[in-house]
Structures are given as C-alpha cells and as structure tokens.
Amino acid sequence: MLTSYRLERAFFALDTVSVARALLGQRLVRIDAGARLSGLICETEAYAGPDDPASHAHRRTHRSAIMYGPPGFAYVYFIYGMYFCLNAVTEVDGQPGAVLLRALLPLDGIEILRTRRPGVWDSRLTDGPGKLCTALGITRMQNGLDLCTSEELFLQASASVPDEAVVATPRIGVRCDAGALSRPWRFVWHPAPPGASPALLAARP
DNA sequence: CTCTCGATGCGCT
DNA sequence: GCGCATCGAGAGA
C-alpha cells in the first residue's frame, strides 16, 4: 500500500497536542504470536509535562521517566487493578509528553480481537483505552518498546482525517485538572460511513 | 438510552 | 493508605 510507511521519530517529536491530533487516522499495528492485529486510531488524548496536573509527567517518577525520554516509544501503564493503557511518547528528548490511544476502528485480525473480547459487538472491540489493550494483547510487556523500530508494535501512516471530521473535547476520566475546560486535548475522529444513523454518530466510535 | 457503583493492583506520599 | 488517563453490570426512565 502506498501510504503504509511506518511513522518515523520526527512524527512524534512535535508538541503533544499536535501529535494527538495527527495520530487520528493512523494505523496501530500489533504483531502478536505471528498474527497481525491492527486498527485505525480514532480517539486520542494529549498529556503534557509538569504544567499539566492530569499528566503522569506532572511529577518525574520512576513510572513517568519514559515520558521525559526520546519520542516514539511506547508507554504502557496499569490502571484500576485490571487494565492497561497505551501511550506514545512525544516531544524532543528531555521534554515530557505522551498521547494516550483511546480507541481504534479494527482492521486486521478481527477474529482474534473477538476471542479476546468475547460477547461484545464488533463496534465495541476497541472503543476504550483498556479495551484496545485487551483486544490487541498489550500489557506492561510492551512498555518501553520503540515504536519506530519494533516489529511487534508500531504505527503506519494511513487515512487522512479532515478537520471537519474531528471533535476536540476535554479529556475523559481526568479528575485532577481544575482547568480541564481550557485543555480540550481529547481528539475524536468521527468518520461518517455512508448511511450511518445520527444515533450511531453520536455514540463514541 | 443514562446513571451509579464495585472490582481490583499498584504507584506514590 | 489513598486514589486512579477504566470497564461492565444493573437499575431506572
């Protein structure tokens, strides 16, 4: 495919909010036990540095240290006792930031995704940050992988997403950001499939 | 559809 | 010991 080149480090070396927007429509690829699982990124959130109270990089700790390192690396953390969340580290080395990948539109390996998320509709296989990690088999094993060189987790350039199809909102689930309204750093791609109902479009992808 | 709430482990102070 | 960048079940409307 002409546009399926891997995203290079320069893509991630920009300011975090720009990267979060630019990641919409790109393809996340997970090679898991030889199987290719992938999907188009349709929801992201930007988490900045020390000035962002909701960011793990608000403080530099052992866990958040990777956000201070070079861009293009995977930051996977464990949350609420049972879920993982996948981020891509942004900004130049020394400047902290990361983008949380919140939802995908499944492309490859949907049969395997169904076995990982039994009993849910296809449209719900990867429609949340914990869910997409479960479906793609992403755990702390993938923490620290270099997305620019890894053969098991990486990103490929894919769809071009026009601004008219993007909605920016405050971030979800963030309880410690008093200035949340001034940080509309969640980006949702609303692709409009032919014949989609208004109710479907109103729901989270 | 919406809202509430419990499960669950660990990073951090 | 507290609180969390979540999810799914269950209740109510």
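All figures in this text were calculated on a predicted structure; none of them were measured in a lab. Labels below follow one simple rule: chain letters A, B, ... track the order of the sequence lines, proteins then strands, and each chain is numbered from 1.
The partner of C:dA13 cannot be assigned: no Watson-Crick or G-U wobble pair with both contacts below 3.5 Å exists in any strand. Under the Watson-Crick or G-U wobble criterion, with both distances below 3.5 Å, C:dA5 is left unpaired in every strand shown.
The side chain of A:Met82 has B:dT8 as its nearest neighbour among B:dT8, C:dG8, C:dA5. The side chain of A:Lys131 lies closest to C:dG8 when the candidates are C:dA5, C:dG8, B:dT13. Nearest to the side chain of A:Leu100, among B:dA7, C:dA5, B:dC10, sits C:dA5. Set against C:dT6, C:dA5, B:dT13, the side chain of A:His56 has C:dA5 as its closest nucleotide. Which of C:dA5, B:dT13, C:dG8 sits closest to the side chain of A:Asn87 comes down to C:dA5. Here the side chain of A:Tyr77 is nearest to one of C:dA5, C:dC7, C:dC4, namely C:dA5. Of all nucleotides listed (B:dG11, C:dC7, C:dA5), B:dG11 comes nearest to the side chain of A:Arg140. Here the nucleotide nearest the side chain of A:Ser55, chosen from B:dT8, C:dA5, C:dG8, is C:dA5.
Taking atom CG of A:Leu101 as the reference point, atom P of C:dA5 lies 16 Å away to the nearest angstrom. In this structure, A:Ile66 places its CD1 atom 16 Å from C1' of B:dG11, rounding to the nearest Å. Rounded to an integer number of Å, the gap from A:Asp177 CG to C:dC4 P is 12 Å. For A:Arg186 and C:dA5, the CZ to P distance is 15 Å, given to the nearest whole Å. One interatomic measurement links the two molecules: CG of A:Asp127 to P of C:dT6, which rounds to 13 Å at whole-angstrom precision. For the pair A:Leu125 CG and C:dC7 C1', the interatomic distance rounds to 15 Å; values are reported in whole Å. What separates CZ of A:Arg59 from P of C:dA5 is a distance of 13 Å, to the nearest Å. The interatomic distance linking A:Arg60 (CZ) with B:dG11 (C1') rounds to 17 Å, in whole Å.
As judged by a 4.0 angstrom heavy-atom cut-off over every strand, A:Arg175 is placed among the base-contacting residues. Residue contacts shown for A:Phe78 are limited to sugar-phosphate atoms, with no base heavy atom under 4.0 Å away. Using a 4.0 Å heavy-atom distance criterion, A:Arg171 is classed as making no nucleic acid contact.
OP1 or OP2 of B:dC12 has at least one side-chain nitrogen or oxygen of A:Arg63 nearer than 4.0 Å. For the OP1/OP2 pair of C:dC7 and a distance below 4.0 Å, the side-chain nitrogens and oxygens of A:Arg124 include no atom meeting the criterion. The phosphate of C:dG8 has OP1 or OP2 within less than 4.0 Å of a side-chain N or O from A:Arg117.
Between atom CG of residue A:Asp122 and atom CD1 of residue A:Ile110 there is a gap of 4.0 Å, rounded to the nearest 0.5 Å. Residue A:Ile138 holds its CD1 atom at 9.5 Å from CZ of A:Arg116, rounded to the nearest 0.5 Å. Rounded to the nearest 0.5 Å, atoms CG (A:Leu153) and CE (A:Met141) are 12.5 Å apart.
Judged by closest nucleotide on DNA chain C, A:Val174 is the one of A:Val174 and A:Val120 placed further toward the 5' end. Both A:Ile79 and A:Thr61 sit near DNA chain B, but only A:Ile79 has its closest nucleotide nearer the 5' end.
Under a 3.5 Å cut-off, the side chain of A:Thr169 and the backbone N or O of A:Pro184 do not form any donor-acceptor pair.
Annotation: cation-pi geometry not satisfied between A:Arg140 and A:Phe84 (NZ/CZ under 6.0 angstrom from ring centroid, within 45° of ring axis). Taking the centre and axis of the six-membered ring of A:Trp185, the NZ or CZ atom of A:Arg183 falls inside the cone set by 45° and 6.0 Å.
By the 4.0 Å N-to-carboxylate-O rule, A:Asp127 lies too far from A:Arg102 to be salt-bridged with it.
C:dT6 has its base stacked against the ring of A:Tyr80, the centroids being under 5.5 angstrom apart at an interplanar angle below 30°.
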